[in-house]
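Proteins get letters first, then strands, A, B, ... in listed order; numbering begins at 1 in each. What you are looking at is a predicted structure, and each value in this text was computed from that prediction instead of being measured.
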There are 2 protein chains.
Amino acid sequence: MPYDPSAFPPFAVTVDLVVLTVRRQALCALVVRRGEPPHRGRWALPGGFVREREDLAAAAARELGEETGLRSREPGTEQPGVHLEQLATYGEPDRDPRMRVVSVAHLVLAPDLPAPVAGGDAGSARWAPVADLLPTGPPPGPDASEGAGRPGAVGDPGVPRGPLAFDHDRILADGVERARSKLEYSSLATAFCPPEFTVGELRRVYEVVWGVALDPRNFHRKVTGTPGFLVPSGGTTTRQGGRPAQLFRAGGATLLNPPMLRPEA
Amino acid sequence: MPYDPSAFPPFAVTVDLVVLTVRRQALCALVVRRGEPPHRGRWALPGGFVREREDLAAAAARELGEETGLRSREPGTEQPGVHLEQLATYGEPDRDPRMRVVSVAHLVLAPDLPAPVAGGDAGSARWAPVADLLPTGPPPGPDASEGAGRPGAVGDPGVPRGPLAFDHDRILADGVERARSKLEYSSLATAFCPPEFTVGELRRVYEVVWGVALDPRNFHRKVTGTPGFLVPSGGTTTRQGGRPAQLFRAGGATLLNPPMLRPEA
DNA sequence: TGAATAGTGTCTTTGAGACATTATAAG
DNA sequence: CTTATAATGTCTCAAAGACACTATTCA
């Protein structure tokens, strides 16, 4: 009997956020420290209840603003900024031991922020390398030498480590995989970059997110040859050392054709 | 304040199904006729409430069985059959005028069924060409000559036409687009085929779903050359007329590498 | 016989990958 | 000077697209 409004089981609906950025040559996710049981002391993805008359995407954008001060770019608007999209929904009956909670996870891609976590009512929000949070994180980059495993979780409030609370390990893994595959066939890598960036900085985004090394020359030829991907902004910069690099902005294209395929293992 | 279980707005959670198949050279979706207001007399996607202690995927599989008698293939199992995956979640505050309903839509790909809609407590379930349901349906195939628009909706109980009830037009459009893009980089086209099929039948699936004509010779070379996509089953058939065609089963591969890219317009 | 579909082969073009070379900065 | 990064060019190979040709059935 579809849509009988008289008798239905009540659910709580939340949004959880997988907020990813690239900082210090590592793919990082935003996590908050839980101060209440269950999973007290564990790290978790930011999130919260959807309000009475609030759209799902609006709830995700609101939570994002509360945790980071970021304003999201709704899909459709053109100005550069933070990217927000729905990821997936998680609703196993016992994923929260207290009650039936269905969580609509969203994926956020953001550039490295000058102020890591500004304001926010969750005071303990931190950026943490995905490799430290997930048992099977991204393969370490060319010069990365990450720690071995992920021993404790509840002890040290300083360095966020997995496993995360609830089913957030799986949500984070799904978000990371979504981000990795979206770099292949969309221009979303620019969401990790500041408004103006060089080809080398864009390449480092791909290398960090995919965990591989890319040929700088082929990469340059590929991205500058894809129409609508990059627009020269006129200036140059030397902030990376070496010969001054041309600065670009994100172009209007959203889909990459042909795609940028990940090298296989 | 994330996860405060004491005060939260209550939601109803449903699953809606986009069930797609290929019949009579057209991409078709399963729709049910609404017998109750709101949208009485309009066609809608099958769906229903998630039960008290039921997983989302289990609810989708249950609804699918109730509407079609089909058993779904959970992601992970290997035997051929119906494919089911989560599509997206729709939760605008006023998408259902009666109450706050969050719907977790699922996508089902099924082979053409001998009994179009067997059993089912929704007696009015029907297959309808997607082109008749959506204002911007798939481009008509090589020899298709579909009707022009979609005039009425409530009048004729025989031929399902859009617009669908609630926001199901958008859900269906999202499901169709997901199916189209999944044919590119996965082997899911075989989910539209019977257990044994020919290369020509598989090609017709691609042509109908994408709404384009494909070169039979290049298609043959491509799919038989992709390792793990097709496994010869030994037999041949002449059910299409002409020279007998080799029969295949779906191979173990799920991801197509390199992908089968859609021809551009 | 002709019409229809299946299957193989050939040629061309496009694009990815490997790698050489030059350009321009900092120390 | 050396070193680091940027940018362009060249060669090779893999794969897609266009299309000729043969094979096998049915009417």
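Straight-line distance from the CG atom of Leu261(A) to the P atom of dA14(D): 16 Å, rounded to whole Å. Here the P atom of nucleotide dA7(D) and the CG atom of Leu202(A) are 12 Å apart, to the nearest Å. In this structure, the CD atom of Glu184(A) is 16 Å from the C1' atom of dG15(C), given to the nearest Å. The CZ-P distance, from Arg262(A) to dG17(C), rounds to 14 Å in whole Å. In this structure, CZ of Arg239(A) is placed 16 Å from C1' of dA4(D), rounded to the nearest angstrom. Taking atom CD of Glu201(A) as the reference point, atom P of dA4(D) lies 19 Å away to the nearest angstrom. Regarding Leu214(B), its CG atom lies at a distance of 13 Å from the P atom of dA6(C), rounded to whole Å. For the pair Met260(B) CE and dA14(D) P, the interatomic distance rounds to 21 Å; values are reported in whole Å.
For the atom pair CG (Leu256(A)) and OG (Ser186(A)), the distance works out to 7.0 Å, reported to the nearest 0.5 Å. Expressed to the nearest 0.5 Å, how far CG of Leu109(A) lies from CZ of Phe192(A) amounts to 4.0 Å. Atoms OG1 and NE2, from Thr224(B) and His220(B) in turn, are 5.0 Å apart once rounded to the nearest 0.5 Å.
A donor-acceptor pair shorter than 3.5 Å can be found between the side chains of Tyr90(B) and Asp174(B). Under the 3.5 Å distance criterion, with hydrogens and angles disregarded, no donor-acceptor pair is assigned to the side chains of Asn257(B) and Tyr185(B). In this structure, a donor-acceptor pair under 3.5 Å is absent between the side chains of Thr236(B) and Gln246(B).
Scanning residues 215-223 of chain B for heavy-atom distances under 4.0 Å to DNA chain D yields Asp215(B), Arg217(B), Asn218(B), Arg221(B), Lys222(B).
Counting any heavy atom pair closer than 4.0 Å across all strands shown, Arg203(B) reaches sugar-phosphate atoms only and no base atom.
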Before giving the answer on side chain to side chain contact (heavy atoms under 4.5 Å, CB included), spell out for Thr237(A) and Phe197(A) the whole-Å C-alpha distance, their side-chain angles and the decisive distance to 0.1 Å.
-> CA-CA 9 Å; Thr237(A) 184; Phe197(A) 53 89; over 6 Å; no
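Taking the salt bridge (charged side-chain N to carboxylate O under 4.0 Å, His left out) definition, one finds that Arg243(B) meets it with nothing, sequence neighbours left out.
Of the charged side-chain nitrogens involved, at least one lies within less than 4.0 Å of a carboxylate oxygen, so that Glu177(A) and Arg262(A) count as a salt-bridged pair.
Mapping Phe248(B) and Pro259(A) onto DNA chain C via the closest heavy atom, the residue that lands nearer the 5' end is Phe248(B).
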For nucleotides 22-27 of chain D, just jot down a letter per nucleotide in 5' to 3' order: B, S or -, based on protein non-hydrogen atoms under 4.0 Å.
-> -BBB--
